[in-house]
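Reviewing the structure listed below.
Computed from a predicted model, the values in this text were never measured in an experiment.
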Amino acid sequence: MMIAFNSVEVVGYLASLFVLLSFFRKDIRQLRIVNSIGCAFFVAYGILLTSIPIIITNVAILIVNGYYLFMKKPS
C-alpha cells in the first residue's frame with residue numbers, strides 16, 4: 001500500500017517536525033530559531049488551508065521568538 005501525500009500535508013508535516021525538533025535543543029537561541037522555522041511552515045500551512053487560528057497563533061509565536069532573538073539583550 002502506497003501512502004500519497006499532497007503538498008499541503010507535506011508543509012504541515014514539516015511544520016510539525018521543526019516544532020518537535022526545537023524541543024530537543026538545549027540552547028535557548030537554537031530552540032527559538034528551529035521553532036521559528038516550524039512556525040513559519042505553520043503560517044504557510046495555515047494560509048494553504050485558509051485557517052485563521054493557525055495563522056494567528058503561529059505569527060504570534062514568531063513575533064515572540066523574534067523579540068527574544070533580535071530585540072532583547074542577553075543578560
Side-chain angles (χ1 to χ4, degrees):
M1 182 170 145
M2 184 75 168
I3 298 175
F5 295 104
N6 66 41
S7 57
V8 175
E9 287 176 325
V10 170
V11 173
Y13 285 124
L14 282 171
S16 297
L17 175 65
F18 275 96
V19 170
L20 175 66
L21 290 175
S22 73
F23 291 106
F24 287 101
R25 308 304 311 164
K26 289 185 181 180
D27 177 64
I28 191 71
R29 182 168 170 76
Q30 290 177 0
L31 181 149
R32 290 191 184 281
I33 291 168
V34 176
N35 187 268
S36 292
I37 294 168
C39 286
F41 274 116
F42 265 124
V43 170
Y45 183 63
I47 290 169
L48 292 169
L49 292 178
T50 59
S51 175
I52 301 302
I54 292 173
I55 297 167
I56 290 173
T57 302
N58 286 284
V59 166
I61 296 169
L62 274 170
I63 290 169
V64 170
N65 281 336
Y67 171 77
Y68 282 107
L69 284 168
F70 301 110
M71 305 300 262
K72 185 159 172 50
K73 302 290 182 216
S75 29

Distance-only criterion, 3.5 Å: show the donor-acceptor pairs between side-chain atoms of residues 44-52 and protein atoms not counting sequence neighbours.
none

Distance-only donor-acceptor pairs under 3.5 Å for side chains of residues 61-68, two or more places apart:
residue : atom : partner : partner atom : Å
Asn65   : OD1  : Arg32   : NH1          : 2.9
Asn65   : ND2  : Asn35   : OD1          : 3.0
Asn65   : ND2  : Ser36   : OG           : 3.3

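Transitive grouping of hydrophobic side chains (ILVMFWY, heavy atoms separated by less than 4.5 Å) keeps Phe24 and Leu31 in distinct clusters. Phe41 and Val43 fall into different hydrophobic clusters, defined by Ile, Leu, Val, Met, Phe, Trp and Tyr side-chain heavy atoms under 4.5 Å apart, directly or through other members. By the rule that hydrophobic residues join a cluster once side-chain heavy atoms approach within less than 4.5 Å of another member, Leu17 and Val10 end up as members of one cluster. In the hydrophobic clustering of ILVMFWY residues, with side-chain heavy atoms under 4.5 Å counting as a link, Val11 and Leu21 come out together.
In this structure, OG on Ser16 lies 9.0 Å from CG on Leu14, to the nearest 0.5 angstrom.
When every heavy atom of Phe42 is checked against every heavy atom of Ile54, the shortest pair comes out as O-CG2, 3.3 Å. Taking every heavy atom of both residues into account, Gly38 and Ala15 meet most closely at O-CB, 3.6 Å.
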Side chain to side chain contact (heavy atoms under 4.5 Å, CB included) between Phe18 and Cys39, worked out: CA-CA 8 Å; Phe18 275 96; Cys39 286; over 6 Å; no
